[in-house]
Amino acid sequence: DVSQPPTLPLRPIMALAAERDLIARQYANGFREVFDDGAPAVLEGIERTGSLEGAIIHSHLRLMADHPDTLIARKRGPDEAEESARRAAAVLAGRATAADLDAWLRAEGNGRNPGATADLVAASLFVLLHERRITLPPPVPWTAGPDHD
């Protein structure tokens with residue numbers, strides 16, 4: 001209950017929700033998905049697309065494919081979170097388009113908003129900026145045009 005004083009420190013509280021919440025899991029495991037998966041995916045995306053926008057899209061797809069979004073699971077159930085992961089993996093593999101995934105995510109009142117994944121992407125970008133592995137303004141253009149990734 002957030003209206004009452006905490007009964008435990010933050011990390012143990014987050015550990016209680018780690019299995020069902022991707023953000024809580026970061027606090028419990030030392031931000032493993034951010035450092036081990038997200039930040040490298042951003043850098044890979046820069047290499048693949050030559051743009052920061054492309055890198056963000058690539059890293060979002062990679063994280064979503066590897067870690068089904070827990071906001072989707074909370075709103076729509078675990079089966080739809082798993083389906084979103086499969087669809088993201090299909091985009092990465094070239095078996096589907098990002099536009100098709102986007103349309104599916106936005107259907108039915110945007111109930112499939114991959115917000116937990118978006119938070120991991122933001123944290124990954126922060127890590128890379130903090131470590132000066134990417135800089136602002138970026139050394140690559142924002143977008144590589146309509147044919148990226």
Side-chain angles (χ1 to χ4, degrees), residues 1-96 98 100-102 104-140 142 148-149:
D1 183 356
V2 296
S3 67
Q4 300 296 318
T7 57
L8 294 170
L10 180 62
R11 288 183 107 184
I13 289 172
M14 290 297 193
L16 295 172
E19 288 301 312
R20 67 182 183 278
D21 186 290
L22 195 52
I23 305 309
R25 187 179 317 151
Q26 301 316 295
Y27 286 89
N29 72 16
F31 292 82
R32 187 174 316 140
E33 287 81 4
V34 171
F35 287 103
D36 295 349
D37 300 335
V42 171
L43 296 174
E44 178 183 311
I46 289 172
E47 288 292 318
R48 291 187 68 201
T49 68
S51 75
L52 190 53
E53 178 189 30
I56 291 168
I57 293 167
H58 175 81
S59 63
H60 199 272
L61 290 168
R62 171 60 47 218
L63 285 165
M64 206 167 133
D66 293 345
H67 308 283
D69 192 280
T70 55
L71 181 58
I72 294 174
R74 189 166 39 253
K75 287 179 159 185
R76 306 285 299 199
D79 291 343
E80 288 203 27
E82 290 290 339
E83 179 63 21
S84 71
R86 283 190 291 276
R87 287 174 181 255
V91 172
L92 288 169
R95 296 188 315 269
D100 290 339
L101 173 61
D102 184 59
W104 183 79
L105 291 169
R106 291 174 186 264
E108 300 182 38
N110 287 320
R112 299 182 188 112
N113 172 8
T117 305
D119 291 343
L120 291 188
V121 172
S124 300
L125 290 165
F126 174 81
V127 164
L128 293 171
L129 286 165
H130 179 73
E131 293 177 348
R132 292 184 172 88
R133 295 172 73 191
I134 60 173
T135 59
L136 291 178
V140 295
W142 169 251
H148 69 279
D149 204 319

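Note that the coordinates shown come from a computational prediction; the quantities given were computed from them, not determined experimentally. Worth knowing before you read on, the calculation uses all heavy atoms, side chains too, and leaves out hydrogens, waters and symmetry mates.
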Query raised in the report: Less than 4.5 Å apart, any side-chain heavy atom of P137 and any of W142?
Result: no
Query raised in the report: What is the minimum heavy-atom distance between V140 and G50, and which atoms define it?
Result: CB-O, 3.5 Å
Requested in this report: Compare every heavy atom of E82 with every heavy atom of P68, then report the nearest pair and how far apart it is.
Outcome: CG-OE2, 3.5 Å
Query raised in the report: Take atom CZ in R86; do more than 12 heavy atoms of anything else shown fall under 6.0 Å from it?
Result: yes
Query raised in the report: What are the two closest non-hydrogen atoms of H67 and T117, and how far apart are they?
Result: O-OG1, 4.4 Å
Report task. Write down the atom of S84, the atom of L101, and the distance for their closest heavy-atom approach. Result -> O-CD1, 4.5 Å
**Report entry** Close side-chain approach of I72 and L105, heavy atoms under 4.5 Å
**Finding:** yes
Query raised in the report: Do you know which two heavy atoms are closest between P114 and M64, and how far apart they sit?
Result: CB-SD, 3.8 Å
Can you give the donor-acceptor pairs under 3.5 Å from side chains of residues 8-22 to other protein atoms, not counting sequence neighbours?
| residue | atom | partner | partner atom | Å |
| --- | --- | --- | --- | --- |
| R11 | NE | Y27 | O | 3.0 |
| R11 | NH2 | Y27 | O | 3.3 |
| R20 | NH1 | L16 | O | 3.3 |
| D21 | OD1 | I23 | N | 2.9 |
| D21 | OD1 | A24 | N | 2.7 |
| D21 | OD2 | R74 | NH1 | 3.4 |

Query raised in the report: Distance from I56 atom CD1 to S51 atom OG, nearest 0.5 Å?
Result: 8.5 Å
Query raised in the report: If you round to the nearest 0.5 Å, how far is CG of L61 from CG of L92?
Result: 5.0 Å
Report task. Keeping the roles fixed (side chain from E33, backbone from Q26), state whether a donor-acceptor pair exists under 3.5 Å. Result -> no
**Report entry** Between OG on residue S59 and CG on residue L43, distance to nearest 0.5 Å
**Finding:** 9.5 Å
Query raised in the report: Any ion pair linking R112 and E83 (charged N to carboxylate O, less than 4.0 Å)?
Result: no
Query raised in the report: Would you find more than 12 non-hydrogen atoms of other residues, nucleotides or ligands less than 6.0 Å from E47 atom CD?
Result: no
Report summary line: dist E108:CD -> K75:NZ (nearest 0.5 Å) comes out at 12.5 Å
**Report entry** Non-hydrogen atoms of D69 and L71 that approach each other most closely
**Finding:** OD1-N, 2.8 Å
Report summary line: Here the gap from H60 atom NE2 to S124 atom OG, rounded to the nearest 0.5 Å, amounts to 10.5 Å
Report task. Could you tell me the separation between the CZ atom of F35 and the CG atom of L128, rounded to the nearest 0.5 Å? Result -> 9.5 Å
